[in-house]
Amino acid sequence: MTTQQRLRRRMPARSATVGALLLALVAAPVTVALAGEAPPVADPPGSTQVLDGTGSGDMWAVPTLPADQLTLIIAFSFGNRMPAGADPARTEGEPGPVNEALADTVVAARGDRDIPVYAQTPIADVLRTKYGMDDVVAIAADVRPDGTLAYLSTDGAAAKVAGLRGASQATDLAGVVAFGDHQWRATRTAEANGFRAYAPLGISMPTQYDPESGQVWTRSREVYLPTDYAGRIPLLIETGSGAG
């Protein structure tokens with residue numbers, strides 16, 4: 001069951017909080033360069049990886065845990081690079097600089113501990129080729145009968161990992177590696193899929209957008225943030241964050 005399906009089932013119990021949550025989204029400091037100026041990178045809601053959100057009461061804080069306490073890592077990809085002549089409907093493309101940086105972050109978070117790593121394919125490819133991490137579990141997009149790819153959402157990726165973990169999920173402490181502006185939603189989505197999910201404390205996430213990304217919505221902050229914030233609404237309702 002997806003987050004959206006769970007939301008529809010729980011909506012009556014959460015309806016009293018919807019207005020407040022929407023107001024919170026509107027009030028959040030999302031600067032999108034309406035006058036053509038470059039938006040600031042520092043301290044947007046959910047993009048700061050060293051915040052300890054546990055018990056802070058801040059709905060935008062990302063819960064954190066020291067990396068040496070994590071029992072597995074879930075890494076969410078961000079964008080790609082599409083080779084010339086490739087059919088974007090049939091290939092996940094090359095990792096590109098952002099997913100390369102995310103792979104570097106996975107290695108930093110894992111350290112010298114042999115804990116499981118579940119990573120979307122663009123990150124898994126780098127972990128294998130650059131770092132020789134042959135035990136990484138790649139989370140790939142589904143392939144339709146006609147050979148085209150079914151886009152794997154953040155919720156879809158988290159659900160796949162949850163399915164693979166099975167009963168082990170009950171004791172998992174999942175470290176979430178994701179692009180800076182995506183990390184709040186990635187962490188909360190993992191939580192909505194049953195994980196105790198955290199950003200690795202003290203490990204900085206990539207924040208530099210790739211203007212040549214094959215996924216248009218990941219090329220700049222101005223384009224990405226509205227998409228990300230739309231995805232936060234069902235998570236806020238699902239978890240009751242900020243509901244008192």
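Please read these numbers as outputs of a predicted model, since none were measured by experiment. All residue numbers in this chain count up from 1 along the given sequence.
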Are Phe179 and Ile123 connected, step by step, through hydrophobic side chains (Ile, Leu, Val, Met, Phe, Trp, Tyr) whose heavy atoms are closer than 4.5 Å? yes

Heavy atoms only: give me the nearest Glu92-Pro122 pair and the separation to one decimal. OE1-CD, 3.8 Å

Same cluster or not: are Val177 and Val98 linked, directly or through other Ile, Leu, Val, Met, Phe, Trp or Tyr residues, by side-chain heavy atoms under 4.5 angstrom apart? yes

Under the ring pair (Phe, Tyr, Trp, His ring centres under 6.0 Å) rule, what pairs show up with a residue in residues 137-170, not counting sequence neighbours? Tyr151-Trp217

Where do Val223 and Tyr209 land on the side chain to side chain contact (heavy atoms under 4.5 Å, CB included) test, with the steps shown first? CA-CA 11 Å; Val223 175; Tyr209 284 85; over 6 Å; no

Which distance, rounded to the nearest 0.5 Å, do you find between the CZ of Arg196 and the CD of Glu191? 11.5 Å

Please evaluate residues Val117 and Leu72 with respect to the criterion side chain to side chain contact (heavy atoms under 4.5 Å, CB included), reporting the C-alpha separation (whole Å), side-chain torsions for both, the decisive distance (0.1 Å), and the verdict. CA-CA 6 Å; Val117 174; Leu72 79 155; over 6 Å; no

Contacts of Gln208 meeting side chain to side chain contact (heavy atoms under 4.5 Å, CB included) (sequence neighbours excluded), chain-then-number -> none

Residues in side chain to side chain contact (heavy atoms under 4.5 Å, CB included) contact with Leu164, at least two apart in sequence or another chain: Tyr118, Val137, Ile139

Straight-line distance of Gln120 CD to Asp125 CG, nearest 0.5 Å: 11.5 Å

What's the shortest heavy-atom distance between Ser213 and Arg219, and which atoms? O-NE, 2.7 Å

Residues two or more places apart in sequence or in another chain: which of them pass side chain to side chain contact (heavy atoms under 4.5 Å, CB included) with Ala124? Ala119, Arg128, Val136, Ala138

Are Thr171 and Thr71 close enough, and set up right, to give a side chain to side chain contact (heavy atoms under 4.5 Å, CB included), and what steps lead you there? CA-CA 9 Å; Thr171 57; Thr71 62; over 6 Å; no

Please identify each residue that fulfils salt bridge (charged side-chain N to carboxylate O under 4.0 Å, His left out) with Arg81, with sequence neighbours left out. Asp210, Glu212

Decide whether Thr154 and Thr189 meet the rule of one side-chain donor and one side-chain acceptor closer than 3.5 Å. no

Check the hydrophobic clustering (I, L, V, M, F, W, Y; side-chain heavy atoms under 4.5 Å; chains of links allowed) and say if Met133 and Leu102 are grouped together. yes

Contacts of Arg90 meeting side chain to side chain contact (heavy atoms under 4.5 Å, CB included) (sequence neighbours excluded), chain-then-number -> Asp87, Thr148

Any side-chain heavy-atom pair of Leu201 and Gln69 under 4.5 Å: no

Looking at Ala230 and Pro234, what are the two nearest heavy atoms and their distance? O-CD, 3.4 Å

List the atom of Pro63, the atom of Ala61, and the distance in Å for their closest heavy-atom pair. CD-O, 3.6 Å

Closest heavy-atom pair, Phe76 versus Ala157, reported as atoms and distance to 0.1 Å, is CE2-CB, 3.9 Å

Of Asn193, Asp155, Leu152, the one forming a side chain to side chain contact (heavy atoms under 4.5 Å, CB included) with Lys160 is Leu152

Salt bridge (Lys or Arg N to Asp or Glu O under 4.0 Å) pairs touching residues 169-180, sequence neighbours excluded, are Arg165-Asp172

Residues that Asp134 engages under salt bridge (charged side-chain N to carboxylate O under 4.0 Å, His left out), provided they are two or more places apart: none

Measuring from Asn99:CG to Thr121:OG1, what's the distance to the nearest 0.5 Å? 10.0 Å

Exercise answer: donor-acceptor pairs, residues 106-116 side-chain atoms, under 3.5 Å, sequence neighbours excluded:
unit_1: Arg110; atom_1: NE; unit_2: Arg113; atom_2: O; d: 3.4
unit_1: Arg110; atom_1: NE; unit_2: Ile115; atom_2: O; d: 2.9
unit_1: Arg110; atom_1: NH2; unit_2: Asp114; atom_2: OD1; d: 3.0
unit_1: Arg110; atom_1: NH2; unit_2: Ile115; atom_2: O; d: 2.9
unit_1: Arg110; atom_1: NH2; unit_2: Asp135; atom_2: OD2; d: 3.1
unit_1: Arg113; atom_1: NH1; unit_2: Asp68; atom_2: O; d: 3.4
unit_1: Arg113; atom_1: NH1; unit_2: Leu70; atom_2: O; d: 3.1
unit_1: Arg113; atom_1: NH2; unit_2: Ala67; atom_2: O; d: 2.7
unit_1: Arg113; atom_1: NH2; unit_2: Leu70; atom_2: O; d: 2.6

Hey, any chance Leu127 and Met205 share a hydrophobic cluster, counting ILVMFWY side chains that come within less than 4.5 Å of each other, even indirectly? yes

The test is side chain to side chain contact (heavy atoms under 4.5 Å, CB included); show your working for Trp184 and Leu235 and say whether it passes. CA-CA 10 Å; Trp184 186 95; Leu235 289 167; 4.2 Å; yes

Ring pair (Phe, Tyr, Trp, His ring centres under 6.0 Å) with Tyr224: which residues, sequence neighbours excluded? Phe78

Contacts of Tyr131 meeting ring pair (Phe, Tyr, Trp, His ring centres under 6.0 Å) (sequence neighbours excluded), chain-then-number -> none

Any side-chain to backbone donor/acceptor pair from Gln183 onto Val176? Under 3.5 Å, distance only. yes

With sequence neighbours excluded, tell me which residues meet side-chain hydrogen bond (donor to acceptor under 3.5 Å, both in side chains) with Thr105. none

So if you build clusters from Ile, Leu, Val, Met, Phe, Trp, Tyr with side-chain heavy-atom gaps below 4.5 Å, do Ile74 and Tyr198 land together? no

